[in-house]
**Student:** 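Quick one: this structure, given as structure tokens, is what I'll be asking you about.
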Amino acid sequence: MNTNFFEAPEFGRDMVIAGFLLLRTKVASAVECGLKCGQRSACASFAVEYSDIPGLKLCELNTVKAISHPESVVRKNGFQYYDQAEVFY
């Protein structure tokens, strides 16, 4: 179930998930990247380029979260990792 709520874990700066790429695309912001993830039922996390330079940023949607595949978390300078937040209603 996609909640469409995402959070940036403390370790998420300059980190991405390797080997579980669902889609790579360009976006205007981390919010847009999160929306794209939320629109795909297979998406569990994403990483987006951060920069002060105006323009489109690279967005990578993943099929897994870091907590379930910690061995797949790798350093990638200039990216912020986000995963689905646990939301209770």
Side-chain angles (χ1 to χ4, degrees):
M1 175 185 130
N2 271 8
T3 61
N4 294 339
F5 292 101
F6 295 91
E7 61 187 352
E10 285 183 29
F11 69 84
R13 188 126 173 120
D14 296 319
M15 297 292 177
V16 298
I17 299 269
F20 294 92
L21 186 67
L22 175 64
L23 175 73
R24 183 176 286 130
T25 188
K26 293 277 191 167
V27 296
S29 67
V31 171
E32 184 181 354
C33 192
L35 289 171
K36 288 186 179 292
C37 186
Q39 293 169 348
R40 289 164 175 79
S41 60
C43 187
S45 66
F46 67 91
V48 66
E49 244 180 327
Y50 63 83
S51 169
D52 292 333
I53 301 168
L56 294 178
K57 315 290 187 221
L58 193 58
C59 165
E60 298 179 347
L61 307 184
N62 308 301
T63 57
V64 300
K65 293 169 76 168
I67 197 164
S68 62
H69 288 79
E71 72 284 355
S72 298
V73 177
V74 296
R75 187 165 215 43
K76 188 170 185 180
N77 288 334
F79 279 77
Q80 175 67 49
Y81 170 82
Y82 295 82
D83 61 17
Q84 285 185 351
E86 297 297 323
V87 178
F88 300 96
Y89 296 92

**Student:** Begin from the C-alpha positions of Met15 and Lys76 and carry the test side-chain contact (heavy atoms from CB on, under 4.5 Å) through to its verdict.
**Tutor:** CA-CA 5 Å; Met15 297 292 177; Lys76 188 170 185 180; over 6 Å; no
**Student:** Checking the side chain of Glu32 only, and the main-chain atoms of Val27 only, is there a donor and an acceptor separated by less than 3.5 Å?
**Tutor:**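 Checked: no pair found.
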**Student:** Can you list the steps and then say if Val16 with Tyr81 is a side-chain contact (heavy atoms from CB on, under 4.5 Å)?
**Tutor:** CA-CA 6 Å; Val16 298; Tyr81 170 82; 5.9 Å; no
**Student:** Linking I/L/V/M/F/W/Y whenever any side-chain heavy atoms sit under 4.5 Å apart, do Val74 and Phe79 land together?
**Tutor:**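 Looking at the clustering, Phe79 is in the same group as Val74.
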**Student:** If we only count heavy atoms from C-beta on, is the Lys26 to Lys57 side-chain gap below 4.5 Å?
**Tutor:**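 Result no, sub-4.5 Å side-chain heavy-atom pair not found.
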**Student:** Are the ring centres of Phe6 and Phe46 closer than 6.0 Å?
**Tutor:**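 Yes - the distance between ring centres of Phe6 and Phe46 falls below the 6.0 Å cut-off.
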**Student:** Is any side-chain heavy atom of Lys65 closer than 4.5 Å to a side-chain heavy atom of Gln84?
**Tutor:**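 Counting from C-beta outward, Lys65 and Gln84 do come under 4.5 Å.
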**Student:** Less than 4.5 Å apart, any side-chain heavy atom of Asn62 and any of Cys43?
**Tutor:**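 They are not in side-chain contact.
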**Student:** Do the non-hydrogen side-chain atoms of Glu7 and Tyr82 ever get within less than 4.5 Å of each other?
**Tutor:**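 Not touching, per the 4.5 Å side-chain cut-off.
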**Student:** Roughly how far, to the nearest 0.5 Å, is the CD atom of Gln80 from the CD atom of Glu49?
**Tutor:**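 So the CD of Glu49 and the CD of Gln80 are separated by 12.5 Å.
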**Student:** Any non-hydrogen side-chain atom of Leu58 less than 4.5 Å from a side-chain atom of Cys33?
**Tutor:**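 Heavy-atom side-chain distance check fails, nothing below 4.5 Å.
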**Student:** What about Val73 and Phe20, same hydrophobic cluster or not, with Ile/Leu/Val/Met/Phe/Trp/Tyr joined at side-chain heavy-atom distances under 4.5 Å?
**Tutor:**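 Val73 clusters together with Phe20.
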**Student:** Please confirm whether the backbone N or O of Val64 pairs with a side-chain atom of Ser45, one donor and one acceptor, at under 3.5 Å?
**Tutor:**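 Answer holds: yes.
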**Student:** Without hydrogens or angle criteria, can the side chains of Asp14 and Tyr50 be said to hold a donor-acceptor pair below 3.5 Å?
**Tutor:**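 Note: Asp14 and Tyr50 side chains meet the donor-acceptor criterion.
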**Student:** Could you please spell out the steps behind the side-chain contact (heavy atoms from CB on, under 4.5 Å) verdict for Leu22 and Arg40?
**Tutor:** CA-CA 9 Å; Leu22 175 64; Arg40 289 164 175 79; 4.1 Å; yes
